[in-house]
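Throughout, residue positions are numbered sequentially from 1 according to the sequence presented.
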Amino acid sequence: MRRLAFGLIATVLLASGAFANAIREEDLRPHIKVLASDEFEGREPGTPGEAKTTAYISEQWQKAGLTPAATDGSWFDPVQLVRRGPGTAEFKFFARGEKLRFADDEIILIGKEAKYARNKLPVWFAGYGINADGKVAGDVAGKAVLMLADRPAFGAEEMKTIRARREALIAAGAEAVIAIAGEQAEYPLIRRQLLSRPINLVSREKRAALEGVIGARFAVAMVTAAGGDWDKLRKSADAADFAGTALGVTGDFDISTDVNAFVSNNVIGKLPGKKPGSGAVLYMGHWDHLGICRPEGDEDRICNGAVDNASGIAVMTEVARGLSKSKHDRDIYFLATTAEESGLYGAYAFAEKPAVPLDSIVIALNIDTIAIGPAGAKVAIIGRGTTQFDGVIEKVAKKAKRKVEKSNDANAFIRRQDGWALAQKGVPALMVGGAFADQALLEAFLSDDYHGPDDELTDATELGGAAEDATLHIALGKHFASTRKQPVEKPADNTGG
Ligand SMILES: [Zn+2]
């Protein structure tokens, strides 16, 4: 009885074509195997690993039926990036004409340009950079500003980050911004971060002529040598009206910096629609990962990024193949972004110079870190409540026999994924799938293999949920690319908050 019933259902479903487009684990695995192989060296932007990655994606997308869709008609849209690392630093600090001597060498200074030389730069202590009233702490223009790196107890959440406070000082004209390491932002931590030569997007970079970090002991020694009281000074920074103070110290700097500007690439392909001008559907996912991420001598030095995000590229590729089997009203774009790991930079670059007008994008579906759990997970929506589409996604998911998670828990990740860069420009941008529905499985990944050499493809890598999500994404693509099923051409304004 059971067997017969099963056989009957299977026959009916196959005949009706309900599963004709189902993506299987074995469709995804070969892509991840290549993209997360040691040969691709962790897919770091600007390395030979990038060239192999973007070549692989464009070849696979061509085979899947896409046509190139970058702004110049190729597969590749250039993204201008820059990375900096410390070179040699010579500096002297003076108080009342006397050269200050420190036993301590906890200092890293990095210039915006390759060479930076200035003498007699006045040193200003700006507390947290801003005070509890949200104002920049004093007239910092043209000065070398010392700023506490630890998060202030006061202020709006978005102004508490070291980045936001640094940028406030730069906007106010600070010549140099030097963070003072503390208890949360410890010196070794910031040091490691700066020595990793972080990548920036040239067009979005807000940078002082000189930036760096000093250890707390260095700051104490400088203030004390200049006749000040460090504990008092530090405390004064908590005041709502703290307006900063000159330390009576000047600095001479002769700094060389290893500046490497380079071009990386977003990969863009499309399935042209039957009704030009009726809008577009955009799938996106980042191809980059962290590259060779461990020091020489370590046994495994490569962060392969199998889950993060070779799995997303594999899913996008198979979704492209699935959707290319039929014609759709709207154009369907596929965007593989660079430099997500550094700050969503490829996505921001696309938003600045989009290969398809942003206001024509009906929906952007980001696919990231998708190989987390087995099939059967609920469908979570990152960005739930920020667009008009929660209801229709639920309908499409139900048809695909998926349950939808009703909580907004997954929104905790909304700023940490490429869709955020587009949401900032009013594009309805969501992540839809099971990986972010099961918080326990996700946490297990984030606290274990995530961003380390163990994010590799093994026989144990679970692709059941990813395959199921890929199938769902084909259904979503068919829905949103249909002007009949989804007549919205100009979606309501959505600024992502
Ligand atoms: Zn990542």
Side-chain angles (χ1 to χ4, degrees), residues 21 61 65-67 69-71 77 266 268-285 312 315-316 319-320 322-337 347-348 350-368 379-400 404 414 417-433 469-497:
N21 269 322
W61 284 7
L66 301 189
T67 55
T71 41
D77 256 352
N266 288 335
I268 308 178
K270 79 166 172 179
L271 292 170
K274 286 184 291 187
K275 296 186 185 170
S278 65
V281 172
L282 173 71
Y283 289 94
M284 60 196 297
V315 166
M316 267 213 286
V319 168
L323 287 172
S324 72
K325 289 175 182 159
S326 52
K327 280 279 182 191
H328 309 278
D329 296 333
R330 298 190 170 107
D331 295 333
I332 306 179
Y333 282 82
F334 293 82
L335 165 66
T337 58
Y348 276 114
F350 174 83
E352 283 169 11
K353 275 191 198 159
V356 46
L358 294 185
D359 63 2
S360 73
I361 298 173
V362 173
I363 189 171
L365 292 163
N366 187 32
I367 302 177
D368 190 357
V379 174
I381 302 175
I382 295 183
R384 191 180 168 84
T386 69
T387 74
Q388 52 179 326
F389 295 139
D390 294 349
V392 295
I393 288 171
E394 205 161 309
K395 266 192 210 151
V396 175
K398 264 193 186 151
K399 253 197 198 161
V404 174
I414 195 165
Q417 48 88 33
D418 270 343
W420 179 250
L422 297 196
Q424 297 302 95
K425 296 254 188 169
V427 177
L430 300 173
M431 266 179 79
V432 179
D469 282 353
T471 303
L472 173 62
H473 271 90
I474 292 176
L476 288 169
K478 287 183 174 176
H479 173 90
F480 283 104
S482 161
T483 53
R484 183 179 57 80
K485 289 181 183 157
Q486 188 64 59
V488 190
E489 287 185 15
K490 272 249 175 182
D493 178 53
N494 162 45
T495 54

Going from NE2 on His328 to OG1 on Thr483, what distance comes out if it is rounded to the nearest 0.5 angstrom?
12.5 Å

Apply side chain to side chain contact (heavy atoms under 4.5 Å, CB included) to residues Phe334 and Val319 and explain how you reach the verdict.
CA-CA 10 Å; Phe334 293 82; Val319 168; 4.2 Å; yes

Do Leu365 and Phe389 touch side chain to side chain, with heavy atoms closer than 4.5 Å?
no

Any donor-acceptor pair under 3.5 Å from Asp418 side chain to Gly285 backbone
no

Using every non-hydrogen atom in the two residues, find where Gly279 and Val362 come nearest and quote the distance to one decimal.
CA-CG2, 4.4 Å

Name each donor-acceptor pair under 3.5 Å that joins a side chain in residues 390-399 to protein atoms two or more places apart or in another chain, with its distance.
residue, atom, partner, partner atom, Å
Asp390, OD2, Gly385, N, 2.7
Glu394, OE2, Lys406, NZ, 2.7

Smallest separation among heavy atoms of Thr71 and Pro354, with atom names
CG2-O, 4.1 Å

Rounded distance [0.5 Å steps], NZ in Lys325 versus CG in Leu271
12.0 Å

With sequence neighbours left out, what residues match Lys274 under salt bridge (Lys or Arg N to Asp or Glu O under 4.0 Å)?
Asp329

Of all the heavy-atom pairs spanning Ala421 and Ala351, show the shortest one and how long it is.
O-CB, 4.0 Å

Measuring from atom CG of Asn266 to atom CZ of Phe350, what distance do you get when rounded to the nearest 0.5 angstrom?
8.0 Å

Any side-chain heavy-atom pair of Leu323 and Val281 under 4.5 Å
no

From Arg330 CZ over to Leu282 CG, what is the distance, rounded to the nearest 0.5 angstrom?
13.5 Å

Compare every heavy atom of Tyr333 with every heavy atom of Ala69, then report the nearest pair and how far apart it is.
CB-CE2, 3.8 Å

Please walk me through it: do Val432 and Leu476 pass side chain to side chain contact (heavy atoms under 4.5 Å, CB included)?
CA-CA 9 Å; Val432 179; Leu476 288 169; 3.9 Å; yes

Minimal non-hydrogen separation, Ala364 against Val427, with atom names
CB-CG1, 4.0 Å

Ile363 vs Thr387 side-chain heavy atoms within contact, under 4.5 Å:
no

One pair to check against side chain to side chain contact (heavy atoms under 4.5 Å, CB included): Leu422 and Met284. What are the steps and the verdict?
CA-CA 11 Å; Leu422 297 196; Met284 60 196 297; 3.7 Å; yes

With respect to Gln417, which candidate in Leu430, Ile367, Ile382 satisfies the side chain to side chain contact (heavy atoms under 4.5 Å, CB included) definition?
Ile382

In Å and rounded to the nearest 0.5 Å, what is the CD1 to CG distance from Ile474 to Asp469?
11.5 Å

Scanning both residues in full, the closest heavy-atom pair of Ile268 with Ala355 reads CD1-CB, 3.8 Å

Would you say Met316 and Trp61 make side-chain contact, with heavy atoms under 4.5 Å?
yes

Would you give the length of the straight line joining atom CD1 of Ile361 to atom NZ of Lys425, rounded to the nearest 0.5 angstrom?
11.5 Å

